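Each remark here refers to the structure printed beneath this line.
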Amino acid sequence: MTADAPNENNKIILFALVLGTFMTALDTTIVSVALPTMAEELIQAGHDTSNISWVLLIYTLMLSCFILLWSKIGSNKGYKKVFMAGVAIFALTSLMIGLCGFIKELGLNAIILLRAVQGLGAGMVTAMSLAMVSSYLPKEMRGSAIGAVTLAASAGTAFGPAIGGILTTFHWSFIFFINVPIGLLCLILCTKYMHVKENLENAGNRLDYIGALLLFVMIFSLIYYLNKGSEIGWMSDLGIALIAVTMIAAGLVFWWEQKSKDPLISIDLIRNPNICRSSLVAMLLFMAMAGSYLLLPYYLQFVQGYETMEYGFILIANSVGMMIMGPIVGKLADRTGKNKRFVVAGALVCAVGFYMMMLFDANTGLPWILISLFVMGAGIGMALVASTNLAFEYISEGQNGQLSGLTNTFRQAGSSSGVAILNAVFMAFIVTSPAVNLIPGFKHAFFIAIIIALLGFVVAMGLRDKPRDSQA
C-alpha cells in the first residue's frame with residue numbers, strides 16, 4: 001500500500017494516529033488530578049512521598065528529551081515500527097503503574113521509574129505522528145489529517161483533568177488502566193491496516209549519538225529549570241548553572257549538527273525561515289495555552305467554587321473550539337494551499353480569547369467563561385493546524401521525521417516554558433486569602449498570555465505560503 005491507498009484505509013490509519021496521540025497527551029495532565037490521592041494512599045502504606053512531583057516531571061522530561069532521536073530512528077528504521085513500539089511500551093507501563101496501586105510493597109520510586117519508561121514510549125509516539133501523516137496519507141487530505149492529530153494532542157491535554165477526576169473517584173490506578181485498551185486498539189489497527197511502503201534511504205546510516213547526547217543535555221537542563229525554578233530559585237547558583245549548561249549545549253548542538261555526516265536535525269530545516277517561524281508560532285501558542293491550563297482549574301475551583309469534575313467539563317469548551325475550527329482550517333488549506341492567513345487570524349483570535357479571560361473576576365458568569373475558552377481554543381486550533389501544514393510544504397523527501405521531531409520539540413519546550421512563566425507571574429501578584437485576592441494574579445498572568453499570543457501574530461506575519469505550482 002502507498003500513500004494513494006483506498007480512502008477507507010486512510011481514515012483508519014488516521015484514526016490510529018489520533019488514538020496514539022490522544023492517549024499520550026492525556027497523561028500529561030490526567031495524573032495531576034490524582035496526585036493528592038496517590039500521595040495519601042502511599043503515606044498510609046508507609047512510603048515516603050517527598051518526591052511525588054517527579055511523577056509528573058519525569059514523564060515530561062523523558063517525552064521531550066528524545067523526540068528528535070526517535071524521529072531520526074524512525075527515518076532510518078521505519079515510522080511504523082517506532083510508533084507501534086512506543087504504543088506498546090506506553091500501554092505496558094501504564095498497566096504496570098496501575099498495578100502499583102494494588103501492590104502495596106511497590107512505592108513511589110517504582111512508579112517514578114515506570115513513568116520514565118512510559119515517557120519514552122510517549123516520545124516515540126509523539127515523534128512519529130506528524131511524520132506518518134505526511135508520509136502515509138495522500139496530499140489532498142494532509143491539512144485535515146494534520147489538524148486531527150494536532151487537535152488530538154491539544155484535546156488530550158484539555159480532557160485530562162475531567163477524565164482524571166472521574167476515574168480517581170474509583171481509584172487512581174484507573175487513570176493508567178484506561179490506556180491499556182486504547183493502546184491495544186491502536187496496535188490492532190496498525191497491524192491490520194497500516195501496510196505502507198516506506199522510503200528508507202537512510203536505513204544504513206549510523207545514528208548521531210553525540211548530537212543526541214548534546215540535545216538531551218540541552219533539553220533536560222532547560223525543562224528541569226523551567227519546572228523546578230520556583231523551588232531551587234530562578235537566580236540561585238543551581239538555576240544559573242542550568243541556564244549556562246542549556247546555552248552551552250545549544251551552541252554545541254548547532255556546531256556539531258553542521259559537521260555531522262547524518263545529523264539529527266538537517267541544517268536546511270533550521271535555515272528555512274518559514275519552517276523556523278512556523279515552529280516558533282507553535283511554541284508561543286503552546287506556551288500561552290499550557291500556562292492557562294495550569295491556572296484555569298485554580299480559578300474555577302477557588303474563585304468560582306466548582307468541584308474537580310465540574311471544572312473539568314467546563315474546560316472542554318476550549319477543546320470544542322479547537323475541534324470545530326481545526327478541521328475547517330485543515331480542509332480549506334488542503335483546497336487552497338493558503339495557510340498564512342489562518343496562522344495570523346488564529347493568533348489574533350487566541351489573543352482575544354485571553355483578553356476575555358483577563359476580565360474574569362469573582363462574579364463572572366458561566367456563559368462568559370465558556371465563550372472565552374471556546375474563542376481561545378478556536379484560535380489555537382486555527383493557528384496550530386495551519387502553521388504545521390505550512391511547515392510541511394517546505395520539506396524535501398525524507399525530512400518528514402525530522403520536521404515532526406522538530407515541531408514537537410518546540411511544542412514541548414513551549415508548554416514547559418508557559419507553565420513556568422504564567423505560574424511565576426500568577427504567584428507574584430496574589431494574596432492567598434481570601435480567594436478574591438487571587439484575581440490580580442489571574443489578570444496579570446492572562447495579560448502575559450495575550451502578549452505571547454500577539455508575539456505569535458508578529459512572527460506569523462513573516463510567513464509565506466508556498467505557491468501551489470511548486471508543491472508538486
Side-chain angles (χ1 to χ4, degrees), residues 15 18-44 49 52-53 55-56 59-60 63 87 90-103 108 111 114-115 118-119 121-122 125 151-186 289-290 292-324 366 369-370 373-374 376-377 415 419:
F15 180 63
V18 166
L19 271 182
T21 303
F22 179 83
M23 175 180 69
T24 54
L26 190 69
D27 267 51
T28 60
T29 55
I30 194 173
V31 177
S32 58
V33 177
L35 279 187
T37 305
M38 185 186 299
E40 182 179 354
E41 189 172 301
L42 288 169
I43 290 171
Q44 291 176 354
T49 60
I52 192 74
S53 64
V55 175
L56 294 175
Y59 181 84
T60 302
L63 189 159
V87 172
F90 188 91
L92 179 61
T93 51
S94 294
L95 175 63
M96 295 171 70
I97 297 170
L99 292 175
C100 287
F102 299 98
I103 304 175
L108 182 60
I111 295 174
L114 289 168
R115 277 284 282 178
Q118 187 189 42
V125 174
L151 295 175
S154 303
T157 304
F159 277 84
I163 297 175
I166 295 171
L167 295 177
T168 305
T169 59
F170 301 100
H171 191 270
W172 64 261
S173 291
F174 285 91
I175 65 176
F176 296 103
F177 287 148
I178 191 176
N179 296 323
V180 179
I182 297 175
L184 288 175
L185 176 59
C186 185
M289 180 178 66
S292 68
Y293 282 171
L294 171 75
L295 298 180
L296 283 166
Y298 290 99
Y299 169 75
L300 293 171
Q301 181 176 359
F302 295 113
V303 178
Q304 291 283 339
Y306 290 104
E307 298 294 331
T308 301
M309 195 177 300
E310 292 174 328
Y311 72 65
F313 283 109
I314 291 172
L315 293 174
I316 292 175
N318 179 263
S319 296
V320 173
M322 295 183 198
M323 287 186 283
I324 290 176
L366 182 59
I369 295 173
L370 293 174
L373 293 173
F374 178 88
M376 188 264 280
S415 295
V419 168

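Just so we're clear, the structure is a prediction, and the values are computed from it rather than from any experiment.
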Just say parallel, tilted or perpendicular for the rings of F174 and H171, cut-offs at 30° and 60°.
perpendicular

Can you tell me how far the CD1 atom of I316 sits from the CD1 atom of I163, to the nearest 0.5 Å?
7.5 Å

If you compare all heavy atoms of C100 against all heavy atoms of W172, which two are closest, and at what distance to 0.1 Å?
C-CH2, 4.3 Å

With no hydrogens and no angle check, is any side-chain donor or acceptor of T169 less than 3.5 Å from a backbone partner on I166?
yes

Closest heavy-atom pair and its distance - I52, M38:
CD1-SD, 4.2 Å

Can you measure from OH (Y293) to CG (L373) and round to the nearest 0.5 angstrom?
8.5 Å

State, with a plain yes or no, whether a side-chain heavy atom of N318 is found less than 4.5 Å away from one of L296.
no

Does atom OH of Y306 have more than 12 heavy-atom neighbours, drawn from other residues, nucleotides or ligands, at distances under 6.0 Å?
yes

Any heavy-atom pair between the side chains of V55 and L108 that's under 4.5 Å?
yes

I314 vs Q304, side-chain contact (heavy atoms from CB on, under 4.5 Å): CA-CA, chis, key distance, verdict:
CA-CA 12 Å; I314 291 172; Q304 291 283 339; over 6 Å; no

Hey, what do you get for CG (L35) to CD (E40), rounding to the nearest 0.5 Å?
13.0 Å

Atom of A152, atom of A25 and distance for their closest heavy-atom approach:
O-CB, 4.2 Å

Applying side chain to side chain donor-acceptor pair (under 3.5 Å) to S53 and not counting sequence neighbours gives K228

Going through the distances and angles, do T28 and T60 end up as a side-chain contact (heavy atoms from CB on, under 4.5 Å)?
CA-CA 7 Å; T28 60; T60 302; 5.7 Å; no

Can you give each donor-acceptor pair under 3.5 Å made by side-chain atoms of residues 90-98, sequence neighbours left out, with the distance rounded to 0.1 Å?
unit_1	atom_1	unit_2	atom_2	d
T93	OG1	I89	O	2.7
T93	OG1	F90	O	3.1
S94	OG	F90	O	2.7
S94	OG	Q118	NE2	2.8
S94	OG	N179	ND2	3.1

Determine the minimum heavy-atom distance between A122 and T24, stating which atoms define it.
CA-CG2, 3.7 Å

In chain order, what residues pass the side chain to side chain contact (heavy atoms under 4.5 Å, CB included) check against V87, with sequence neighbours excluded?
M23, F83, V125, C186, L187

Does the pair D27 and F176 meet the rule for a side-chain contact (heavy atoms from CB on, under 4.5 Å), with working shown?
CA-CA 8 Å; D27 267 51; F176 296 103; 3.9 Å; yes

Gap between atom OG1 of T168 and atom CD1 of I30 - 0.5 Å precision
7.0 Å

Correct closest heavy-atom pair for M376 and S292 would be CE-OG, 3.6 Å

Does L315 offer a backbone N or O that forms a donor-acceptor pair with the side chain of S319 under 3.5 Å?
no

Smallest separation among heavy atoms of A39 and T49, with atom names
O-CG2, 3.7 Å

Indicate the ring-plane relationship of F102 and F177, choosing parallel, tilted or perpendicular according to the 30° and 60° boundaries.
parallel

